[in-house]
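Atom set for the values below is all heavy atoms of this structure, side chains included, hydrogens, waters and symmetry mates excluded. Note that the coordinates shown come from a computational prediction; the quantities given were computed from them, not determined experimentally.
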Amino acid sequence: MAVFCVGASQNAQAQLKLDRLFPPTVAAGGESEISAEGKFPKWPASVDCDRADVEITAAKDSGKFTVKIPETSPPGVAWVRFYDDQSASQLYPLVIATVPVTTETEPNDNRDAANAVSMPAVVVGRLAKGGDSDAYRVSLKAGQQLVASVTANQLLASPMDAVLQLTDLRGNVLAQVDDVRGLDPQLVYRSETDQDALVRIFAFPETPNSTIGFSGSSSYVYLCELTTGPFLDHLVISGASTLPFGYNLPEPCTVDVLPATRIAPASGSIPGGLGWAWDSRPAETEIQLHHDDFDGTLPAVLTGHIAEPKQSHTVSFPGVKGTKYRAEVRSKADGYLLDAKLTVTEQKSGSVLASNDDLSRGNVDSGADFTAKEDGIIDVTVSDMIDGYGPRHFYQLTIRESRPECRLTLAEDHFVLPRDKPLEIPVTVERSSGFSDKLQITASGLPPGVVVENVISQPKGDTSKSVKLKLTVGEGAAGNARIQIIGTSLDSDGKPTDRTVTATFPLRPSTAPSEVWLTIPPAPTDGKSSD
């Protein structure tokens, strides 16, 4: 980003920068204060939010904001971006809760200093320094099932690998968990007696290092939901039904759905309970959605849980000789625990058509293309590579005829367009299943005065995998805009077809918006530029 004043060091200081929000969650039904920690060269800063029911207003002091949310607003996430006329921040999640939010009171490291909490509750805190830990005291009745769920790394991007520990008042460990929701812990414990207990949270660095001991910093921000009542962990879509999965859920259990925004997919919650979950149904309307009721009709998305040791799931469909199919399992990419292995077998001959356990380096989900050798039933089996199991070993299995596909991704979702040189936006091109089209990549939604230099991604060579899209600004253009980067397949004569793909930014698991924020600073009044 560039600001038009003399001196590169001044430019760097003049960039708006958001590190985090604290507290990272606020309760519906009132007015709350939050601090946007970072740098705000111009105050007040403007706010862009994807939820119309969330009103965020800059206060008098720099970095301070008030948040108003109606009592009827459902829980979930509001994605927030701060901006001025020179630059913009990244998107940051503000979590909406349906119960009052309690901020930790220090010191609360030791058992005797634990913060007392009445459940259901949402507590927020920060492991501010090395060796820090936080403790909360809760009261349990015999037979009650406690759910303690931490949100930190996976959604808030806090660079911490948290651990949850439940102890009695003498310090004896009753339960301990760590990586359950990505790197975030979630503890479920049924009490056999009436007792008071301590929920302790401490952390190690997200990236392991040689340090021995608990880690902490100003960026180790978390929220923890505590309840012995209903808690929603995730949703399953089957046909027209939305099925809730979690703990202490009533029968029947209603799901309230918050529609998708321009940033995030739809999400669901349950009345009177804690927790919320993304509604992860695919965008393609022709895909049938199944949970334990697959009839063999393709294309289809099937969901399941590897809930028992050594368990595997097999589904079958009628294959047609010579037809190429695609099967793909998602779990880890959405923050669940299954280390998926996929095996495809022709039922009659027993021959294995495909087997895969990792899609690519760093992606432990699985997928494979395969061709039916003859007409007949094909079995698709999902299992866990390391024999893991449990309620969060949840997966989505997609089966359909294989087709050439292309995906465009961005490494950033906000850019500043200088007035005196082009802005280059890198676009990664991922081709699969034989996608060999020429792609014309351009930007849509550009404000008047901004010119895009279209670029071609060829089927082979360097541009087949990545390109750089160039934008330039003309006289009079200034301000902020939401744009999209779009690829269009070209026919053999080089003319555009109706086959298009929109670039996305991998914001969080299950959340990949196609919105790109563009800032065009105003022309300098003295006619000079730092560049």
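- Of the possible polar contacts, one joining the T261 side chain to the I263 backbone as a donor-acceptor pair under 3.5 Å is found.
- The closest side-chain heavy-atom distance from Q86 to P522 is below 4.5 Å.
- Checked against a 6.0 Å centroid threshold, the rings of W43 and F65 count as neighbours.
- Side chains of R51 and P74 form a contact here, defined as non-hydrogen atoms less than 4.5 Å apart.
- Note: F204 and F214 have perpendicular aromatic rings, judged against thresholds of 30 and 60 degrees for the angle between ring planes.
- Between the D132 side chain and the A128 main chain, a donor and an acceptor come within less than 3.5 Å of each other.
- More than 12 heavy atoms of other residues, nucleotides or ligands shown are found within 6.0 angstrom of CD on Q176.
- Across all their heavy atoms, P23 and V124 have their closest contact at CB-CG2, 3.8 Å.
- Atom OH of Y92 is separated from atom CG of L507 by 11.5 Å, given to the nearest 0.5 angstrom.
- Defined by atom type and a distance below 3.5 Å, a donor-acceptor pair is missing between the side-chain atoms of Q15 and S87.
- Under a 3.5 Å cut-off, the side chain of R81 and the backbone N or O of S89 do form a donor-acceptor pair.
- Using modelled atom types, no side-chain atom of D413 and backbone atom of W517 make a donor-acceptor pair closer than 3.5 Å.
- Between S35 and K64, the side chains place a donor N or O and an acceptor N or O closer than 3.5 Å (distance only, hydrogens not considered).
- Judged purely by atom type and a 3.5 angstrom limit, N115 uses its side chain to pair as donor or acceptor with the backbone of T105.
- In this structure, P282 and L289 have side chains that are in contact, with non-hydrogen atoms separated by less than 4.5 Å.
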Assess the residue pair T103 and F22 against the criterion (side-chain contact (heavy atoms from CB on, under 4.5 Å)); give the C-alpha distance rounded to whole Å, side-chain angles, the decisive distance to 0.1 Å, and a yes or no. CA-CA 10 Å; T103 301; F22 195 87; 4.1 Å; yes
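- The structure places OG of S514 at 10.0 Å from CD1 of I485, a figure rounded to the nearest 0.5 Å.
- Ring centers of F245 and H305: under 6.0 Å apart, within the cut-off.
- Atoms OG and CD1, on S444 and I483 in that order, are 7.5 Å from each other to the nearest 0.5 Å.
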Take S139 and D196 through the side-chain hydrogen bond (donor to acceptor under 3.5 Å, both in side chains) test and state the conclusion after the steps. CA-CA 4 Å; S139 295; D196 278 8; 2.7 Å; yes
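- With hydrogens and angles ignored, the 3.5 Å screen pairs a side-chain donor or acceptor of D168 with a backbone N or O of R170.
- At distances below 3.5 Å, at least one donor-acceptor pair connects side-chain atoms of D365 with backbone N or O atoms of A333.
- Side chains of D334 and S510: a donor on one and an acceptor on the other come within 3.5 Å.
- The shortest side-chain heavy-atom distance between P24 and V95 does not fall under the 4.5 Å cut-off.
- Here the side chains of Q186 and V177 are not in contact, with every heavy-atom distance at 4.5 Å or above.
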What do the steps show when you test L169 against R137 for side-chain contact (heavy atoms from CB on, under 4.5 Å), and what is the final call? CA-CA 9 Å; L169 297 185; R137 182 167 176 163; 3.3 Å; yes
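- Of the residues listed (N248, V138, T228), the one engaging Q144 in a side-chain contact (heavy atoms from CB on, under 4.5 Å) is T228, and it is the only one.
- Of the possible donor and acceptor atoms, one in the side chain of S217 sits under 3.5 Å from a partner among the backbone N and O of S219.
- With rounding to the nearest 0.5 angstrom, the CD1 atom of I56 is 13.0 Å from the NZ atom of K68.
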Verdict with supporting geometry, T66 and E31, side-chain hydrogen bond (donor to acceptor under 3.5 Å, both in side chains): CA-CA 7 Å; T66 59; E31 183 173 316; 4.5 Å; no
side-chain contact (heavy atoms from CB on, under 4.5 Å) assessment of I520 paired with R419: CA-CA 8 Å; I520 309 163; R419 304 198 69 86; 3.8 Å; yes
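- Of all non-hydrogen atoms in Q154 and D184, the two that sit nearest each other are N-OD2, 3.2 Å.
- S158 and N153 are not linked by any side-chain donor-acceptor pair at a separation below 3.5 angstrom, with hydrogens and angles left out of the test.
- Between D384 and Y395 there is no side-chain heavy-atom pair separated by less than 4.5 Å.
- A heavy-atom distance below 4.5 Å is found between the side chains of Y136 and N108.
- In terms of modelled atom types and a separation under 3.5 Å, the side chain of R392 and the main chain of V180 share a donor-acceptor contact.
- Across all non-hydrogen atoms, the minimal contact from D134 to R126 is OD2-O, 3.8 Å.
- At least one side-chain heavy atom of F394 sits less than 4.5 Å from a side-chain heavy atom of V236.
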Run the side-chain contact (heavy atoms from CB on, under 4.5 Å) test on T102 and V117 for me, step by step, so that the C-alpha distance in whole Å, both residues' side-chain angles and the decisive distance to 0.1 Å come before the verdict. CA-CA 9 Å; T102 301; V117 174; 5.7 Å; no
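- D112 CG: 12 or fewer foreign heavy atoms inside a 6.0 Å radius.
- Distance check, rounded to the nearest 0.5 Å: OG1 of T242 to CD1 of I237 gives 4.0 Å.
- Taking both residues in full, the closest heavy atoms of I425 and F415 are given as CG2-CZ, 3.7 Å, listed atom of the first, atom of the second, then distance.
- Within the model, atoms SG of C49 and CH2 of W79 stand 11.0 Å from one another, a figure rounded to the nearest 0.5 Å.
- Heavy atoms only, all atoms of each residue included: I270 and T254 are closest at CG2-O, 3.3 Å.
- A pairwise comparison of heavy atoms in V257 and A266 identifies CG1-CB, 4.2 Å as the closest pair.
- No more than 12 heavy atoms of other residues, nucleotides or ligands sit less than 6.0 Å from atom CZ of R407.
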